Novice: 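Take this structure first; my questions come after.
Counting starts at 1 for both ligands and their atoms, following the listed order. What you see is a predicted model, and the numbers here were worked out from it, not measured in a lab.
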Amino acid sequence: MAISYEWTPEEQREYSLAKLFRYIKDYVYPYHPHYRKLLKDSKMSPDRLNTYDDLRRIPITEKNDTLADQKAFILQPKTEDTEYDVASLSRTKELGYAWKTLNTRYLRDLYGKPRTFTERVKHTAASEWLPIHFHASGGTTGSPSLAMYTNHDIRKVIPMMAGMMYLFGWEPTMRALNMFPALPHLAFFQVIFAEFTVDNGGAFFHTCGDKAIPTERQVQIAGTMPFDMYIAIPSYMTYWLKTATWMIEAGEAAKPDPVKYAVLAAEPLSDEYRDRLKAQFEGIGSPDIKIIDGYGSTELRAAFFECDEKTNIHLNPEFYFWEVLDPESREPVKWGEPGVLVFSHVDWRGTVLLRYWTGDLIQGGVVWEKCPSCGLTMPVLRPPIGRVAGDFTKIKGARVPLMGFQNAIRRVDGVESFQVIITREDEADEMSGDRVVVYASLKPGSEEEAVKSQITRQIKLDTEISPSEIVVEGPESIETRLFERTGLKADWVVDRRSLKA
Ligand SMILES: [Zn+2]
């Protein structure tokens, strides 16, 4: 039975937990090398999982736990050359594959050399278990994580996730310009999944990123084909819109048809950031654009969206079991209270995680109620979303939120682009005082001294720190440094002190 988004939150949670327990019993315990060992070692029988407290006896999984042996996190029945203690496929499952094979017409048998029925049954089984698609995280936050998908995931689970973009108003007849770089990352492939697995998913043009199609060329394409939606990383979107603005003004590109949605993900999107982007969209003739935030990760294996502008990220409770835990005690917090998002996969094959600690601190908590915007009942992440570690730094002895610099500068009119560098008075001397240098490029016609004093004032308001120096320079040098490290996401704030250590 599928979940209903008309159910009460309690009914949904009960459903989600029961589905997770069935999944642990039927799939995780028999076929997951890591969790099978964990459950066996702690003498936990999957038959005795009944309540949420029972689930909490399964230890939290952290990123480091998965890095030691990522293969042990892939569901796999016993084969002749298996290196793990996992169960063989049950007789019932084998009969199920035989039955399914009788009712399946494989292209392999249309074009390939004749094969036996047993070989065809093996083919059917492989489509459930054998990984066919892979993602690796960018590694900007440490060692890369891997995620493997089987045919079962792509056909049975992914469409249920990718289809959630209908929440915000996407229609199967619309067209989208995907600006995510073509990398083995979730963000790029979530769009491919939407294109190929969801109903008649709509039309997508994949630029594959500015290394494949230079930004100037992308802007020209957008001026010749109508698009309803742009999909990008926020900092690249900013750069793209800036490029589009001057190209349109210079007559080097046509103004694109009005765009309805910009779906942005992979970087935090504050209200200041959205306002900034909206003003830029207005400049290229899309004043009614809705900016939709997205949230996903390699480990999650899917991405989630808002149901409308500023309605916050809606999560799926059918293929995940969600928990929100106190960052220190790791005890569950009440719905709507701040805590770290923790998830368990339900009904996936390939890479599977139970009680995975995302490290994402949902400062507004997770609300699970009927959404006033879409009318559906779902768990919703209330921002801001921060990292448990790494979001704050010590400057001149004070604890400063790094996001504070970005939000402050985005409120200043006249700033075109910026970068904040935190360094020391003497870079070679670890004991010397901290220095905060703001690099800014200005919009044409802005008064330099006025902008500088505004930057100082806003930063002081948000962080209680006064910048040591504000350097005004051309947009090219800032742009180059912003994307220098990753080529993907802008480094708005760089802490040089931590690079030295
Ligand atoms: Zn909603």
Novice: Do the two ring centres, one from Y320 and one from F304, sit under 6.0 Å apart?
Specialist: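 Here the rings of F304 and Y320 have centres that are less than 6.0 Å from each other.
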Novice: Could you please tell me which protein N, O or S atoms lie under 2.8 Å from the Zn ion (ligand 1)?
Specialist: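 Sorted hits: C307 SG, H314 NE2, C371 SG, C374 SG.
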Novice: Can a salt bridge be assigned to the pair K443 and E416 using a cut-off of 4.0 Å between side-chain N and carboxylate O?
Specialist: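 E416 and K443: not salt-bridged.
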Novice: Under a 4.0 Å threshold between the charged nitrogen and the carboxylate oxygen, would K260 count as salt-bridged to D228?
Specialist: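 K260 and D228: salt-bridged.
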Novice: State yes or no: are the ring centers of Y15 and W7 separated by less than 6.0 Å?
Specialist: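 Ring-ring flag for Y15/W7: true, centres closer than 6.0 Å.
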Novice: Please report, to 0.1 Å, the donor-acceptor pairs under 3.5 Å made by any side chain of residues 337-348, with sequence neighbours excluded.
Specialist:
residue	atom	partner	partner atom	Å
S344	OG	R355	N	2.9
H345	ND1	L353	N	3.0
H345	NE2	E299	O	3.3
H345	NE2	L300	O	3.2
W348	NE1	F319	O	3.0

Novice: Ion pair present between K278 and E309, side-chain N to carboxylate O less than 4.0 angstrom?
Specialist: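 The answer is yes: the pair qualifies as a salt bridge.
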